[in-house]
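See below for the structure under consideration.
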Amino acid sequence: MNSSSGPSRPDLPVAPNRGKFQSETEGLTAEVGGLEASLLQMVNDHHYASLKLRENSEKAKKDAIQKAVRVSDLLFDAVNGGVQDSFVNQKLIELEIRALATTIARFTKQTDQWLAATHALNTAVKEIGDFENWIKTIDFDCKSITTAIHNIYQD
């Protein structure tokens with residue numbers, strides 16, 4: 001059913017030749033082929049642009065994920081570093097507390113020894129005072145006896 005007088009394509013139907021419209025028909029066929037080629041070119045361009053956009057989107061997505069992971073790691077290190085510093089400081093404080101507790105125990109023991117020594121010294125001083133009083137009392141008694149004996153012999 002295709003006419004032999006004009007260019008034809010197997011996928012497009014060709015209108016029958018009608019005399020004076022034959023040149024217009026050939027122009028429309030050429031124009032339809034040009035439109036089809038332009039449309040195919042536009043589809044191909046769109047497909048290529050979509051692929052490029054998809055590739056750029058994937059690249060941007062991967063880059064964003066890498067940067068998010070990096071930020072996450074930095075934040076984790078910052079937070080963890082603070083926690084780690086706090087943990088180290090806590091351990092140092094605990095060691096200092098133990099050292100201070102040992103020092104306090106040693107000073108308490110020394111204080112108890114000093115208290116015992118001063119108590120013993122006070123007791124000794126009291127005993128010396130008591131001994132001195134006893135000596136004075138004995139001395140007074142001896143003098144009283146001596147005076148009494150002296151008075152007895154003189155009478």
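Predicted, not measured: the structure shown is a model, and the values here were computed from it. Note: hydrogens, waters and symmetry copies are ignored here, and every other heavy atom, side chains too, is used.
Atoms NZ and CG, from K136 and D141 in turn, are 14.0 Å apart once rounded to the nearest 0.5 Å. Once rounded to the nearest 0.5 Å, the distance linking CG of N89 with CD of E94 reads 11.5 Å. The structure places OG1 of T147 at 6.5 Å from CG of N151, a figure rounded to the nearest 0.5 Å. One distance of note links CG of N133 with CD of E127; it measures 13.5 Å at 0.5 Å rounding. Taking CG of D45 as the start and CG of L40 as the end, the distance is 10.5 Å to the nearest 0.5 Å. Separation of atoms CD1 (I145) and CD1 (I138) is listed at 9.0 Å; rounding is to 0.5 Å.
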Identify every side-chain donor-acceptor pair in residues 62-88 under 3.5 Å, counting partners at least two apart or on other chains, and give the distances.
unit_1: D63; atom_1: OD2; unit_2: K67; atom_2: NZ; d: 3.4
unit_1: S86; atom_1: OG; unit_2: G82; atom_2: O; d: 2.9

Using atom types as modelled, flag every donor-acceptor pair under 3.5 Å from a side chain in residues 99-109 to any protein atom, sequence neighbours excluded.
unit_1: T102; atom_1: OG1; unit_2: R98; atom_2: O; d: 2.9
unit_1: T103; atom_1: OG1; unit_2: A99; atom_2: O; d: 2.9
unit_1: T108; atom_1: OG1; unit_2: I104; atom_2: O; d: 2.7

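The environment of Q110 atom CD is dense: over 12 non-hydrogen atoms of other residues, nucleotides or ligands sit within 6.0 angstrom.
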- prompt: Would E55 and K59 count as a salt bridge (charged side-chain N to carboxylate O under 4.0 Å, His left out) if you check the C-alpha gap in whole Å, the side-chain angles of each, and the deciding distance to 0.1 Å?
  reply: CA-CA 6 Å; E55 287 174 4; K59 184 178 178 184; over 6 Å; no
- request: Determine, step by step, whether K143 and D139 satisfy the side-chain contact (heavy atoms from CB on, under 4.5 Å) criterion, reporting the C-alpha distance in whole Å, the side-chain angles of both residues, the deciding distance to 0.1 Å, and the verdict.
  value: CA-CA 6 Å; K143 284 182 182 177; D139 185 42; 3.5 Å; yes
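Contact of the L95 side chain with the K91 side chain is not registered, since no non-hydrogen atoms from C-beta on lie closer than 4.5 Å. Counting heavy atoms from C-beta outward, N44 and Y48 have side chains that stay 4.5 Å or more apart.
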